[in-house]
Amino acid sequence: MKAYNPLEIEPRWQKIWAECGQDKVREDASKPKKYVLEMFPYPSGDIHMGHVSNYTYGDVLARFARMQGFDVLHPMGWDAFGLPAENAAIKHKSHPAKWTYANIDTQQASFQRMGFSYDWDRKVVACDPEYYRWGQWIFLKMWERGLVERRNSPVNWCPDCGTVLANEQVIEGCCWRCHHEVEKRDLTQWYFKITDYAQELLDDLDQLTGWPDRVKQQQANWIGRSEGANVDFILCDKEGNAPAEPTDDDIITVFTTRADTLFGCTFFVLAPEYRDLPEMVAGMPNEQAVLDLIEAAKKITAVERAQGDHEKHGVFTGRYVVNPINGEKVPVWVADYVVADYGTGAVMAVPCGDQRDFEFAKKYDLPIVPIILEEGDPLFSQLNGVQERIVTSVDWGEAMEAQGILVQSGPYTGMVGGKHSPGEDAVVQALEDMNRGHRTVEFRLRDWLISRQRYWGNPIPAIHCPTCGVVPVPEEDLPVRLPEDIDLAAGETLATHEGFAKCTCPKCGGEARRETDTMDTFTCSSWYYLRYTDPHNDTAPFDSARANRWMPVDQYIGGIEHAILHLLYSRFFTKVMRDMGLLDFDEPFTNLLCQGMVLDANGEVMSKSKGNVVSPEEMIAGYGADAVRATMLFMGPPDKEKLWSEDGLAGMFKFLNRLWRIVCDLVGKADDKTLYDASAAAEGAHANAMAMKRERHRVVGKVTADIERNNFNTALAAIMELANTTAAFLRLKPAEHRLNCENGGPLCRDVAESIVKMMAPIAPHWAEELWHDVLEGEGSVHDQPWPTFDPELAKADEVELAVQLNGKVKGRITVAADADEDTIKQAALDNVAALTDGKTIRKVIVVKGRLVNIVASA
RNA sequence: GGGAGCGUGGCGGAAUUGGCAGACGCAGCGGACUUAAAAUCCGCCUCCUUCGGGAAUGUGGGUUCGAGUCCCACCGCUCCUACCA
């Protein structure tokens, strides 16, 4: 018998498959399509165990789909732009492309050693001009549609490095690389207007029935739709007098979801970044204090805000506004707990109904007026029904944010208040009637800031002309190529690279400057899945007919860390391109599988600093890729965390050896005619063979269903059960499985073939070698039809049922599989007759194929 | 603060969605083969037990003929997100 030697067979089959184009997309329109896609990796060094798990799931599903008769698209590429490449280039005084392409080669070789069935002719690399060219094209088309905007906004700026930093790159107020203090700077940046699609991005989550709920929930929270009202407050002049005839300039609008609490508004707060603030305080006594607070707020970073103890700082501006609902004059403060870019950047503060306002009021000793109470509150009887306004300061432990009854709220006193309450509705109605407010919807989602002052990204195709303004690069001039002769280590940037920055205006032909910002790398990953459908197209990003045939992606697989940004941006791009008439579907990914992290045996994250990183290459070298794949699949459900242990790998290697021997034994038996002497068959031999056959059909049915549900671990467990049954069958003495000459050989062969085919997606080299050399099959095992199964044949003639007495198992009966209920009842009653003697049988419940429960009492 | 999820043997995990808890595997223990070891094969493997049984799916209650699964409360853990008015 030939021994299993993965280190010999794996490279051999990988070479043969590559030479014969085994993994190429067939583009066979006669078959139904299936697009299986795993999120493309960032080329940072070699692959790790997380890649191995992610891409193994995808490969199993792709191979399984092909055997099930689908025309399968299963591509791979690299998300190749980004900061790590630039940093590596600076460190090694080389070019980002060098580092990037070297890593891509390393990773691709590792993927090939894992036996992943990618069509490498469709490889997409994001930093390839033939790819990013079309990213620029999409940018221009979005610009034409009004979805691109340039606008001024405060961004994180490191004066030492001379660049903008992402929020994540600012650590405790300092640059992550040079530790210089980061400033907020107003810079003109490029934005994609994703907020135009906020409502549809939210609504269409309902279509995504194949997505995990938690991902949809996260997206919904991120989009953050909030129904409320805009309320207009009237700004008093610097002497504190309300204008007799307020104009639009005298109005400061706030957004609130709690208009019902308007009577409890005791002060008013502006964000430090509020646009008109410096002008509002000019010449006021508190001017300097306000300006200091504005400066201090600039230094507070997103990281600090998230980690800090939420200590609120504020200053009275000296100005007042008039509350439109009751004409009361309240002081205007500026405080760093109000964010500038949500709502209007101004807030009506109701300390009794909002915890943040409450804390702020306590800190600065501002009045807290109760206007909403629970009915049981001691104050309730005192204030309920009192029409005139009694300003009663209270000192509660916390604000009352739940629903309650409105008190001392003018005509609304006694109504139910809260979010979406009758009280809220009535107040908004009143504001609308007096033309001091209206219903509106706010989204948390912000427009997508896509410009980066970085070299290693996709250049924004725009030109700044002193006479024509900002002009798009004409389509025929695409791609705007990144210059290769740049010395990043010496501090050169696109802006200082004259060969790149200097250009002529496409409109007037005059001297002009090229835009030197590049696009956020998330723009590259927002449409790569479309490029795979037509990767070599040099007249368009893709052919619509091809994209419409393959899309949407039937199964998308990747890490949960992309639950918001990547998936949201991709959904946005898809909808935009649909509206451009390029695509005829609404959502890019039908089914989403978010895999869990791979941790070490102690449940710890693998990291270089901890020294617990497991190298996939070492595992392949020790046990073969097939064992690594199978181990990964067997560890548990794909969406849960997995604890990697080499013991598990060694165990799986043993199993592959054992199953190999079982297949060889089966084929040996199938071919040995001397074993099938019907005349010498022992009693029970037929039953043994039928049991074997039954198990084969049961297991094929289970494995098929399990893979379809992504339950790879239980699919493998079922194959192990079949292995155990088969091993026991093979151990029988010859006479015990002699059944008859016609069926014995074919049965052994059928079991062997079924095992090899079911293992093909899991252990592709192992299966191919057995298919080719032991079963002597035609072609590749990966082109064979998936084994069929007959549910009828999987059924046993007799079933064993548990007999319960009042829910506790007391006995067992064996009945014919098709026995009627009365027969089963009687058999069960007979079985436990001794125990029910003298008791009253109240009820007998029969659960077919499982158990009988007898309810009896004394 | 908000959201999502989880809790089952020494360990990873099963349980057809309300029907015999612990499939399958790892580790461990015993045996066979072997001069010996490795490999392989077979068996045992939740806990307690007076060997009749009894208890058990984080804790306590509830619904049900029947609960790991559904409901309520509590305890513990994980992830995401966050001054969103």
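We use all heavy atoms of the structure for the numbers below, so side chains are in, but hydrogens, waters and symmetry mates are not. Numbered from 1 within each chain, the chains take letters A, B, ... in sequence-line order.
- In this structure, C74(B) and G58(B) make a Watson-Crick or G-U wobble pair, each of the two defining distances being under 3.5 angstrom.
- Figure legend. G43(B) is base-paired to C29(B); pairs are counted as Watson-Crick or G-U wobble with both atom distances under 3.5 Å.
- Nearest approach of R225(A) to V441(A), heavy atoms of both residues: NH2-CG2, 3.5 Å.
- Looking at heavy-atom distances under 4.0 Å, K808(A) makes contact with sugar-phosphate atoms alone, never a base.
- A salt bridge between R356(A) and E359(A) is absent, with no side-chain N of the basic residue lying under 4.0 Å from a carboxylate O of the acidic one.
- Across all strands, K848(A) comes closer than 4.0 Å to no nucleic acid atom at all (heavy-atom distances).
- Phosphate proximity of A85(B) to S226(A): present, with a side-chain N or O under 4.0 Å from OP1 or OP2.
- Looking at heavy-atom distances under 4.0 Å, Q804(A) makes contact with a base.
- For C65(B), the base has a donor-acceptor partner in the side chain of N853(A) [N/O atoms by modelled type, under 3.5 angstrom].
- Put simply, the residue from R629(A), K642(A), M652(A) that forms a side chain to side chain contact (heavy atoms under 4.5 Å, CB included) with F634(A) is M652(A).
- Taking only distance into account, the side chain of K312(A) meets the base of C83(B) through a donor-acceptor pair shorter than 3.5 Å.
- Contact annotation for E442(A): no contact, since no heavy-atom pair falls under 4.0 Å across all strands.
- A donor N or O paired with an acceptor N or O is found under 3.5 Å between the base of C20(B) and the side-chain atoms of R812(A).
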